[in-house]
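First the structure, in the form of structure tokens, and then the observations on it.
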Amino acid sequence: RNKYYGEYSGITWNCGTLFDTNRARGREKIAMIAHWLRSKADFITVQEAHVTNNRAAYLRQQLANSDAAVFWSADRHKPTSTGGILLIVRKSFLGQFEYQEELRNSSTSPNYTGGIDSTQGHAIGLRLQSRLKGDLDIWAVYAPSSEEKSGTGSGLRSPASCVRTH
């Protein structure tokens, strides 16, 4: 793999529930993401998004005019109650890479068709490769507090130990 030599900017944000029950507040959060994509960020990672298939489709619709590709992961058993992550990348940024590979949790089926992982919702990445500018991996990671893990420790592991490639 070759080191990436291009420029990029990213934002990471623990939004504390992107799809808020207060719909006006949720729309404001999505509008802020759209603004960041237009003004300063090549990619945005969002933790505690509480995302589902329907919510991801809604987000893609809301960001349709923002040049955005949306990747996501959530816990299959309780996607709206905790965790869930988004990796939102400007399509024009992705366009400079010849190869893109989504990196997901190790428990994901080879027949992946959505963003719900069997036990995780804590890590998702993109492996990007360009013959001219080199290679870049972008990760969105959510590390729950020890309280959220019910006393099982911090829950921190290296992203590589949590994923496999497709």
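Here the structure is a predicted model, which is why all the values come from computation and not from measurement.
- Under the side-chain hydrogen bond (donor to acceptor under 3.5 Å, both in side chains) criterion, S92 pairs with D67, R90, not counting sequence neighbours.
- Tested against I138, the residues Y8, F93, F71 include a single side chain to side chain contact (heavy atoms under 4.5 Å, CB included) partner, F93.
- In E7, the CD atom is not crowded: 12 or fewer heavy atoms of neighbouring residues, nucleotides or ligands sit closer than 6.0 Å.
- Taken to the nearest 0.5 Å, the OG atom of S73 stands 9.5 Å off from the CG atom of L86.
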Under 3.5 Å, side-chain donor or acceptor atoms of residues 30-41 against the rest of the protein: list the pairs with distances, not counting sequence neighbours.
unit_1: S39; atom_1: OG; unit_2: H35; atom_2: O; d: 2.8

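- Rounding to the nearest 0.5 Å places OG1 of T45 at 12.5 Å from CH2 of W139.
- The closest side-chain heavy-atom distance from Y142 to N14 is below 4.5 Å.
- Between the side chain of K3 and the main chain of G134, no donor-acceptor pair closer than 3.5 Å is present.
- Side-chain atoms of W13 and K29, non-hydrogen and from C-beta on, do get closer than 4.5 Å to each other.
- Considering only residues two or more places apart in sequence or on other chains, Q129 meets the side-chain hydrogen bond (donor to acceptor under 3.5 Å, both in side chains) condition with none of them.
- In this structure, the side chain of R131 does not engage the main chain of E98 through any donor-acceptor pair within 3.5 Å.
- Heavy atoms only, all atoms of each residue included: L126 and E102 are closest at CD2-CA, 4.0 Å.
- Under the salt bridge (charged side-chain N to carboxylate O under 4.0 Å, His left out) criterion, R25 pairs with D20, not counting sequence neighbours.
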Review point. L94 and L128: side chain to side chain contact (heavy atoms under 4.5 Å, CB included), yes or no, with the steps?
Key: CA-CA 8 Å; L94 290 175; L128 306 171; 3.7 Å; yes

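- The line from CZ of F43 to OG1 of T12 is 9.0 Å long, rounded to the nearest 0.5 Å.
- When all heavy atoms are compared, the tightest approach of S130 to D135 is N-OD1, 3.7 Å.
- Partners of S9 by side-chain contact (heavy atoms from CB on, under 4.5 Å), not counting sequence neighbours, listed by chain and number: D42.
- Listed by chain and number, the residues in a side-chain contact (heavy atoms from CB on, under 4.5 Å) with E28 amount to none (sequence neighbours excluded).
- Partners of A56 according to the side-chain contact (heavy atoms from CB on, under 4.5 Å) rule, which considers only residues two or more places apart in sequence or in another chain, are V51, R60, W72.
- Legend: residues meeting salt bridge (charged side-chain N to carboxylate O under 4.0 Å, His left out) with D137, ordered by chain and number and at least two apart, are R1, R127.
- Shown here are the side-chain hydrogen bond (donor to acceptor under 3.5 Å, both in side chains) partners of Y4, two or more places apart in sequence or in another chain: Q96.
- Listed by chain and number, the residues in a side-chain contact (heavy atoms from CB on, under 4.5 Å) with A24 are N22, R27 (sequence neighbours excluded).
- Defined by atom type and a distance below 3.5 Å, a donor-acceptor pair is missing between the side-chain atoms of T17 and E48.
- Here the CG atom belonging to L59 is positioned 5.0 Å from the CD1 atom belonging to I88, to the nearest 0.5 angstrom.
- When all heavy atoms of A140 and I85 are compared, the closest pair comes out as O-CD1, 3.3 Å.
- When every heavy atom of F97 is checked against every heavy atom of Q100, the shortest pair comes out as O-NE2, 4.2 Å.
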